[in-house]
S.K.: 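Below is one structure. I have some questions about it.
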Amino acid sequence: MHSARLLIGLGVTSLLWLSAATARAEVTIGDLRASNGVSAPRTDLFVDGNTLVLSASASSSLGVHRVEAELEGVTVELAPVGGGAYQGTFDISDVAPGRHELTIRAYDRLGDLSTVERTLHKHPPPILWLSSPRPQRVIAGNTPLDARCIATAPYECQVLCLNVRSATRSETTCRTRDASTRPGPLVILTRPSRAFAPGEVLTVTLTGDVGVGAEIQPSVASPIYVETSPKLTAVQVAPGVILDFDATRILFIHEGYQIGVVDRATREVRWISTLPPDPAGSSPSYGALTPSGAVVQSATGRIFVWYDGVWRKVVTNGRLDVVNGDRFVWTMLNDRRGYVHAIPEGTNSIVWNRPDSTSPFQTDLSASGDLYWGTYDEPWIRHLGVGRLGSHPGNLQRPITDGANVAGRWWDGDTSSSYLYTAEGEEVFLGDSISGNSAGLLLHAGYAGFLKSDGAVNQVWLRTPDGEQHQLSSFGTSSLFDQQKLRVGHDGISDAGEVLFLNGGKRYIGRAGAAPEPIGSDLGHGRWFDGSFYVTLGNTLFRVGSGGRAAARLAAPSEALRDGLEEMDGCDRLVATPADLEAEAPAIVMNRLEPDAMPSLSDEEPSADLAGDEQSGDLPAGVGCSAGGAAGSRGGAAAFAAALAGLALARRGRRRV
């Protein structure tokens, strides 16, 4: 009897041990991640493309035999990738957007099974779209902002917020979907609580939520410029930031990397090439037109020439310094060698070779081919093939020539002393300024503009061809010249000696014997060309006139936009004023002290509308409001999202070229 009880006891003990072993052998599944890489131990998984990469960890005291996942009746084995992690890939191109059940199974070596179920969202990110105004636009200060959040069915945007900020303030407007909101895009149409002032630079940030827990990256549109001067008349809009213009063409850069030229008469756009992507923190690309094409400096240090329809690279590690006609000067990025490049021949001629130099190499090139340059290593201006001009203490800054006269500034750390050298060989002392700014001289048609200190601040002066000197400004703060890369010293004087300059956030025209005339804010760049002053700002070319009509031309489209949007069928609208003031938002600072401050880059197609974009003009084909509305006849919200997503992917793809 005792033996029987012993055998029964051993049997029960063995059974309990096997049960315990079996329990311990079950596989533990954890660290579930979908393509977005976000760990979701208890929450839903999200994927926004046509491929699902699923990873999980699995462990068992007896070893893991197999891990698999099932989605929509398709089972994929997850392969071991080391460290207890397993990974597999699903093609979900035929899986509809929405919620789907995902099952993950793991088997130990005894065949025991553990199962985890999660909800997978095939969730194309919603489009956060600032329909109007687009980046690089010039608007009136109270122009409506039209923003929308477009999700792919069965998802709908639940919240849309728009923040607009400048250097002086920040305002936020939000829209939340409720029972009264129509299906389709969530839309905000709003004006600022008070008009932004001329000269302000705006950044608009959109944020949204579709209510399923997936993170949506904010969409940022910047910069947008505010200008309302009645003395500026818009004459041309380009598909990107204007880099240069002449009588027949406009050179522009679109989205920071596509270079193109607009025919000013026909408005035909010719796309030239695509630049390499800008490195993080680099200065924007810049360039200039030439008689036979264009020359462009990429932010990556490459210099390109477009000549007779052919795009070619001149150098990989250089800096474009000056362009005139079909020749330009460039230096190595370390400034130890300088070259003159003849565009038609495609040849480089070395003019500066100082391997041990650490000085900037700065030049100017006349239309006739005379080359002047200076460095900190020497006290004079060099004239290629001729000799030297001047000899003064301090660092010689950029020399300037108009083909007859030459001027230069020597800076001793506190004062910049300006000298003019006439065609007759005379040296003329122009004066001292209290700024080390190298862009402190203008020469054109025998006239010289220069900065001269009155003991407290810098004032603008003019020297006429007959040697007379006139003070053009008398402000209590320092004035400076309106300069731009590749055109330093050349743009700001008219044929009659009128001078463009900046002071206190405004642009002025100074004339001998008259008070300075304000013509607008100091945004953009002013230039004398072909009998008129012009201002390039973002994607818009303005002519400076006597005033009277331009402000109406800037503001009127705002009302037209508002009326057009409120009359559209199929879109739910909210017209609101911003509710949240955030004055502490980061300010946008524009560098006006040196010509190296280039404009930001653009995202705009050609349009004559300066204050706001009509919906149909800026959204891709197939974009609409809802399937039931007038605008929805092109395909509804799904087509809207698909079209914009396709556009974004296409742009990203081009960018990586």
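In this text, all values refer to a predicted model and were calculated from it rather than measured experimentally.
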S.K.: Does the side chain of T203 come within less than 4.5 Å of V220's, by heavy atoms?
M.R.: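 Counting from C-beta outward, V220 and T203 do come under 4.5 Å.
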S.K.: Do C157 and P185 have side chains that approach each other closer than 4.5 Å (heavy atoms only, starting at C-beta)?
M.R.: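 With C-beta onward as the side chain, the pair stays apart.
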S.K.: Are more than 12 heavy atoms from other residues, nucleotides or ligands located less than 6.0 Å from atom CD of E268?
M.R.: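 Incorrect, the count does not exceed 12.
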S.K.: Nearest 0.5 Å, please: how far is OG in S219 from CD1 in I127?
M.R.: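 Here the interatomic distance stands at 9.0 Å.
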S.K.: Contact between T540 and I242 at the side-chain level, heavy atoms closer than 4.5 Å - yes or no?
M.R.: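 Result no, sub-4.5 Å side-chain heavy-atom pair not found.
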S.K.: Taking all non-hydrogen atoms of both residues into account, name the closest pair between V269 and P239 and its distance.
M.R.: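 The pair with the smallest heavy-atom distance is CG2-CG, 3.7 Å.
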S.K.: Where do L275 and V296 land on the side-chain contact (heavy atoms from CB on, under 4.5 Å) test, with the steps shown first?
M.R.: CA-CA 9 Å; L275 296 179; V296 174; 4.2 Å; yes
S.K.: So, are R165 and E171 salt-bridged, with charged N and O less than 4.0 Å apart?
M.R.: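 Salt bridge between R165 and E171, a charged N being under 4.0 Å from a carboxylate O: no.
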S.K.: Looking at OG of S57 and CD of Q87, how far apart are the two atoms once the value is rounded to the nearest 0.5 Å?
M.R.: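 One gets 12.5 Å once the value is rounded to the nearest 0.5 Å.
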S.K.: Of all heavy-atom pairs between P124 and T152, which one has the smallest distance, and what is that distance?
M.R.: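 In terms of heavy atoms, the two residues are closest at CB-OG1, 3.9 Å.
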S.K.: With a 4.5 Å limit on heavy-atom distance, are the side chains of S193 and R169 in contact?
M.R.: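 The answer is yes; the side chains approach within 4.5 Å.
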S.K.: Go through the steps to decide whether D91 and T51 satisfy the test side-chain hydrogen bond (donor to acceptor under 3.5 Å, both in side chains), and finish with yes or no.
M.R.: CA-CA 5 Å; D91 178 358; T51 301; 5.5 Å; no
S.K.: Should D48 and K122 count as an ion pair when the cut-off is N to O under 4.0 Å?
M.R.: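 Salt bridge: no.
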S.K.: Any side-chain heavy-atom pair from L128 and L160 closer than 4.5 angstrom?
M.R.: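 Yes, at least one pair of side-chain atoms sits under 4.5 Å.
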S.K.: Does anything in residues 63-84 form a ring pair (Phe, Tyr, Trp, His ring centres under 6.0 Å)? List the pairs, not counting sequence neighbours.
M.R.: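 Checked against ring pair (Phe, Tyr, Trp, His ring centres under 6.0 Å) - neighbours excluded - no pair reaches residues 63-84.
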S.K.: Taking side chain as C-beta onward, heavy atoms only, is V159 less than 4.5 Å from R177?
M.R.: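 No. Closest side-chain heavy atoms not under 4.5 Å.
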S.K.: Evaluate the side-chain contact (heavy atoms from CB on, under 4.5 Å) criterion for residues V314 and V295: first the C-alpha distance (whole Å), next the side-chain angles of each, then the deciding distance (0.1 Å), finally the verdict.
M.R.: CA-CA 10 Å; V314 174; V295 56; over 6 Å; no
S.K.: Could you give the distance from CZ (F196) to OG1 (T143), rounded to the nearest 0.5 Å?
M.R.: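 Here the rounded value is 10.5 Å.
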S.K.: How many angstroms lie between atom CD of E70 and atom OG1 of T103, to the nearest 0.5 angstrom?
M.R.: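 Rounded to the nearest 0.5 Å, the CD-OG1 separation comes to 5.5 Å.
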S.K.: Does T115 reach the main-chain N or O of R105 with its side chain, forming a donor-acceptor pair under 3.5 Å?
M.R.: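 Checked: no pair found.
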S.K.: Any chance the side chains of E200 and S166 put a donor and an acceptor closer than 3.5 Å?
M.R.: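 Yes, S166 and E200 have a side-chain donor paired with an acceptor closer than 3.5 Å.
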S.K.: Testing L45, V76, T89 for side chain to side chain contact (heavy atoms under 4.5 Å, CB included) with L54, which one passes?
M.R.: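 For L54, the side chain to side chain contact (heavy atoms under 4.5 Å, CB included) check succeeds only for L45.
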S.K.: Using 0.5 Å steps for rounding, measure from the CG atom of L145 to the CG atom of L206.
M.R.: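 L145 CG to L206 CG: 9.0 Å, rounded to 0.5 Å.
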S.K.: Are more than 12 heavy atoms from other residues, nucleotides or ligands located less than 6.0 Å from atom CZ of R337?
M.R.: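 Check fails, neighbour count at 12 or below.
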S.K.: Could you tell me if the side chain of R312 sits less than 4.5 Å from the side chain of F304, heavy atoms only?
M.R.: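 Side chain of F304 against side chain of R312, heavy atoms only: no contact under 4.5 Å found.
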S.K.: Taking all heavy atoms of N539 and all of Q136, pick out the closest pair and write down the distance.
M.R.: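 Smallest interatomic distance, heavy atoms only, reads OD1-O, 2.9 Å.
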S.K.: Does the R336 side chain pair with the main chain of M332, one donor and one acceptor, at a distance under 3.5 Å?
M.R.: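 No: the side chain of R336 does not pair with the backbone of M332.
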S.K.: Residues in ring pair (Phe, Tyr, Trp, His ring centres under 6.0 Å) with H121, at least two apart?
M.R.: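 Ring pair (Phe, Tyr, Trp, His ring centres under 6.0 Å) list for H121, sorted by chain: F46, Y155.
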S.K.: Please determine which of W311, Y257, W306, F252 meets the ring pair (Phe, Tyr, Trp, His ring centres under 6.0 Å) test together with W271.
M.R.: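 Of the listed options, the one satisfying the test is F252.
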S.K.: Under the side-chain contact (heavy atoms from CB on, under 4.5 Å) rule, what do L71 and I92 come out as? Steps first, then yes or no, please.
M.R.: CA-CA 9 Å; L71 177 68; I92 58 172; 3.8 Å; yes
S.K.: I need the Q297 CD to K485 NZ distance, nearest 0.5 Å.
M.R.: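 One finds 7.5 Å between CD of Q297 and NZ of K485.
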S.K.: Please test T274 against I259 for side-chain contact (heavy atoms from CB on, under 4.5 Å), starting from the C-alpha separation and ending with a verdict.
M.R.: CA-CA 6 Å; T274 300; I259 299 293; over 6 Å; no
S.K.: Assess, by modelled atom type and distance only, whether the side chains of S170 and N163 contain a donor and an acceptor separated by less than 3.5 Å.
M.R.: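 Yes, a side-chain donor-acceptor pair sits under 3.5 Å.
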S.K.: Of the non-hydrogen atoms in I303 and L320, which two are nearest, and what is the gap between them?
M.R.: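 So the minimum-distance heavy-atom pair works out to CD1-N, 3.7 Å.
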S.K.: Would you check if E68 and L78 make a side-chain contact, meaning some heavy-atom pair closer than 4.5 Å?
M.R.: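 Result no, sub-4.5 Å side-chain heavy-atom pair not found.
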S.K.: Under the side-chain hydrogen bond (donor to acceptor under 3.5 Å, both in side chains) test, which residues partner D94, sequence neighbours left out?
M.R.: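 side-chain hydrogen bond (donor to acceptor under 3.5 Å, both in side chains) check on D94 returns nothing, list empty.
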S.K.: Give me the atom names and distance for the closest heavy-atom approach of L523 to L537.
M.R.: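 Reported closest heavy-atom pair: CB-CD1, 3.6 Å.
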S.K.: Between R175 and L186, which heavy-atom pair has the shortest distance, and what is it?
M.R.: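 What the structure gives for the nearest pair is O-CD2, 3.5 Å.
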